[in-house]
Every structure is written in structure tokens, then in C-alpha cells.
Amino acid sequence: MHAALLQLSSGDDPGENLATVRARMQEAAAGGAEFILTPEVTNCVSTSRSHQRAVLCREGDDPALAGLQAEAARLGIWLLIGSLALKTGDTDGRFANRSFLIGADGTIRARYDKIHMFDVDVSAEETYRESDGFRPGTRATLAETPWGKLGLSICYDVRFPHLYRRLAQAGADILTVPAAFSHVTGAAHWQSLLRARAIETGCFVLAPAQTGTHSAGQGQARRTHGHSLVIGPWGEVLADGGTETGIITVDLDLSQVAQARRRVPSLRHDRDFDGP
């Protein structure tokens, strides 16, 4: 499988972001990509809830989703939209942080709502309360692709290994971890966490990321870590996108999943235990 990860620096204008992503998809497809992946919050990176309320849409009305579905169909490629921020109609006004797997015919093959909310105090100056604006998902998602089974996740989920073990034991060959990772925690933990998830599961891990300083036009400026990564099932780093925007391409041999799991069959070695 020839995959392409789009490393973006999305702003808070969904229309501009859509145009950027479509252009990158065309470039990646021209280079032979069969599967293209975008980062978390592809449509809008903003810290302003009022701005989000003004520009975001529900799934059925979202121009970014419709435009990316149409582009995937036109190019004849599979697409993982890392996530879109979407209105939900919930009475508390919270949004969904939703990942979409799009088939080569443009249809939605799977959806996943981010389960774990990024509610942290990175420093005195950098705090996040994702659950104030986004409702958490409640269900893990495993999807069929032409190359194998795909387990979906988003960003902060990567710190919860039981999710990935469940996906792998259910048959996942590939795990996706699209992100808009903090530049502080990213420098300390991003690669280590992704390598651990690959080693623990024997899966390929594909992690397209946002990078750089994002628009402060509406709300406080935000910095993300970049370094989109592809990790092999033995834990080796196959590609690293650095900190510039661009396209990271890689050829994956899915037979390596079975090889890694034969060497260390830990997915079959769970045991019940008591305590603490």
C-alpha cells in the first residue's frame, strides 16, 4: 500500500483549509498514493468557541466533508479525514471531534468520535479543556480497507493503550492517530507513545499531524508539534515529517504485521489477575 500523510498547518477558516487539503490530495495522488490521511481538526483549528459556533456545521451540511468526499471519488483514492470539528445539535452546545474513513467511491465507510478529551495543564501559560467544547465519543471503531483492517483513534487517545489493544485483538492491522499535538508534550512524548502502541499491538501506526503556529485571528494562537510519523509493527520509525507542512509518503508491506506478531505473540498472552 502506498500511503501519503498530509502534514498541515490549518487555520480557523474552513474554506481556506478545504482548498489547501484538496490541492495536497491532488499532489499526493499524482505521486501514486492509494491512501491519503489528514490530521486532527482538518477543517478548523481555533481556540475560540464563539468562532467555532459561527463557522462549524453539522455533518450533513459540512462543506469540508462533502468536498473531501468528492475529491476522494474524483481521484479514486481512499481517504482518512483525521477529524473534523462538527456541530452535533446537543443541548449543551458541544461539538464532535469526528474522524471519517472515505472509500475510493467517495462514500463514508466509517466514523469515529474521539473518546478521550484533552483536559490538561501543560504549564501555567498553556492549558486545555477540550471537554468544555467537545463531547467525548463512546465507541471504538474498526473498519475494512482493501489492505487490511483499520483501527481509528485521535490524538490524546494515544495515551490510553487499552483502546489500541482492543482494536488489535479485534483484528486491526493498521492504527491511525491523526493529531494536533501540543508542541510541549509532543517534544517529550509523541514518538515514544506511537512506537509503544505499534510494539504492543504489532500494527502499523499512521499519525498525520498539524504543525506550526495556527491563526490567532479568532482566539488565542496555538502551536502544534508536527512530526507526522509512520511506525512499523516492530516499532521502527519508517517516516518522520519534521516540522514543515508537506506530504509524507511510504510504502507499507502488510505481511510485516503477521511477522511481528509471530515473533512476539503478546496479543494472545493476556491473563486475568487479582488486585490491587
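Values below: every heavy atom of this structure, side chains too, minus hydrogens, waters and symmetry copies.
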Exercise. Parallel under 30°, tilted from 30 to 60°, perpendicular over 60°: which one fits the rings of Tyr128 and Phe118?
Worked result: tilted
For this session: Apply side-chain contact (heavy atoms from CB on, under 4.5 Å) to Gln259 and Trp234, showing your working.
Result: CA-CA 9 Å; Gln259 293 172 15; Trp234 197 242; over 6 Å; no
Exercise. Is there a salt bridge (Lys or Arg N to Asp or Glu O under 4.0 Å) between Asp132 and Arg49 once you walk through the steps?
Worked result: CA-CA 9 Å; Asp132 285 350; Arg49 301 303 183 208; over 6 Å; no
Seminar exercise, completed: All heavy atoms of Ile248 vs all of Ala239, minimum pair found to be CG2-CB, 3.5 Å
For this session: Could you tell me which non-hydrogen atom of Ile115 sits nearest to which non-hydrogen atom of Ala140, and how far apart they are?
Result: CD1-N, 4.2 Å
Problem set entry | Pairing residues for Arg135 by the salt bridge (charged side-chain N to carboxylate O under 4.0 Å, His left out) criterion, not counting sequence neighbours | Asp90, Asp113
I'd like to check [X] versus [Y] (side-chain heavy atoms, cut-off strictly below 4.5 Å). Are they in contact?
{"X": "Arg94", "Y": "Pro136", "result": "yes"}
{"X": "Val55", "Y": "Cys44", "result": "yes"}
{"X": "Asp173", "Y": "Phe204", "result": "no"}
{"X": "Asn97", "Y": "Glu130", "result": "yes"}
{"X": "Leu167", "Y": "Leu175", "result": "yes"}
{"X": "Met1", "Y": "Asp251", "result": "no"}
{"X": "Arg197", "Y": "Ser192", "result": "no"}
{"X": "Leu150", "Y": "Leu142", "result": "no"}

For this session: Begin with the C-alpha distance, continue with both residues' side-chain angles, and end with the deciding distance and a verdict on side chain to side chain donor-acceptor pair (under 3.5 Å) for His183 and Thr224.
Result: CA-CA 5 Å; His183 71 105; Thr224 52; over 6 Å; no
Less than 4.0 Å between a side-chain N and a carboxylate O, is that true for [Y] and [X]?
{"X": "Glu59", "Y": "Lys87", "answer": "no"}
{"X": "Asp121", "Y": "Arg129", "answer": "yes"}
{"X": "Glu236", "Y": "Arg195", "answer": "no"}

Distance-only side-chain donor-acceptor flag, [X] / [Y], under 3.5 Å:
{"X": "Glu244", "Y": "Thr211", "answer": "no"}
{"X": "Ser83", "Y": "Glu40", "answer": "no"}
{"X": "Arg268", "Y": "Ser266", "answer": "no"}
{"X": "Tyr112", "Y": "Asp157", "answer": "yes"}
{"X": "His225", "Y": "Ser182", "answer": "no"}
{"X": "Asp12", "Y": "Gln52", "answer": "no"}
{"X": "Asp119", "Y": "Ser131", "answer": "yes"}
{"X": "Gln7", "Y": "Gln210", "answer": "no"}

If I take atom [atom1] from residue [X] and atom [atom2] from residue [Y], how far apart are they, to the nearest 0.5 angstrom?
{"X": "Ile36", "Y": "Glu27", "atom1": "CD1", "atom2": "CD", "result": "10.0 Å"}
{"X": "Arg109", "Y": "Glu144", "atom1": "CZ", "atom2": "CD", "result": "10.5 Å"}
{"X": "Thr20", "Y": "Arg22", "atom1": "OG1", "atom2": "CZ", "result": "12.0 Å"}
{"X": "Arg111", "Y": "Leu65", "atom1": "CZ", "atom2": "CG", "result": "8.0 Å"}
{"X": "Leu5", "Y": "Thr176", "atom1": "CG", "atom2": "OG1", "result": "10.0 Å"}
{"X": "Leu252", "Y": "Ile174", "atom1": "CG", "atom2": "CD1", "result": "6.5 Å"}

For this session: Determine, stepwise, if the pair Phe181 / Trp190 fulfils ring pair (Phe, Tyr, Trp, His ring centres under 6.0 Å).
Result: CA-CA 8 Å; Phe181 224 77; Trp190 172 243; 4.8 Å; yes
For this session: Using a cut-off of 6.0 Å, state whether more than 12 heavy atoms not belonging to Arg74 lie near its atom CZ.
Result: yes
For this session: Give a yes or no on this: more than 12 heavy atoms of other residues, nucleotides or ligands lie within 6.0 Å of atom CZ of Arg58.
Result: no
Are [X] and [Y] connected, step by step, through hydrophobic side chains (Ile, Leu, Val, Met, Phe, Trp, Tyr) whose heavy atoms are closer than 4.5 Å?
{"X": "Leu75", "Y": "Ile102", "value": "yes"}
{"X": "Phe100", "Y": "Val21", "value": "yes"}
{"X": "Leu18", "Y": "Ile247", "value": "yes"}

For this session: Evaluate the criterion side chain to side chain donor-acceptor pair (under 3.5 Å) for residue pair Tyr164 and Ser153; output intermediate values, then yes/no.
Result: CA-CA 8 Å; Tyr164 299 90; Ser153 71; 2.7 Å; yes
Exercise. Would Leu86 and Cys57 count as a side-chain contact (heavy atoms from CB on, under 4.5 Å) if you check the C-alpha gap in whole Å, the side-chain angles of each, and the deciding distance to 0.1 Å?
Worked result: CA-CA 6 Å; Leu86 297 168; Cys57 301; 5.5 Å; no
Exercise. Are His116 and Phe160 an aromatic pair by the rule of ring centers under 6.0 Å?
Worked result: yes
For this session: Determine, step by step, whether Leu80 and Ser99 satisfy the side-chain contact (heavy atoms from CB on, under 4.5 Å) criterion, reporting the C-alpha distance in whole Å, the side-chain angles of both residues, the deciding distance to 0.1 Å, and the verdict.
Result: CA-CA 7 Å; Leu80 180 89; Ser99 189; 3.7 Å; yes
Exercise. What's the verdict on side chain to side chain donor-acceptor pair (under 3.5 Å) for Ser48 and Ser50, showing C-alpha distance, side-chain angles and the deciding distance?
Worked result: CA-CA 5 Å; Ser48 169; Ser50 61; 3.1 Å; yes
Expected output: side-chain [X] to main-chain [Y] donor-acceptor under 3.5 Å:
{"X": "Arg223", "Y": "His214", "value": "no"}
{"X": "Arg24", "Y": "Leu8", "value": "no"}
{"X": "Thr42", "Y": "Pro39", "value": "yes"}

Exercise. Given Leu68 and Leu79, is the side-chain contact (heavy atoms from CB on, under 4.5 Å) satisfied, shown in steps?
Worked result: CA-CA 8 Å; Leu68 294 177; Leu79 172 68; 3.9 Å; yes
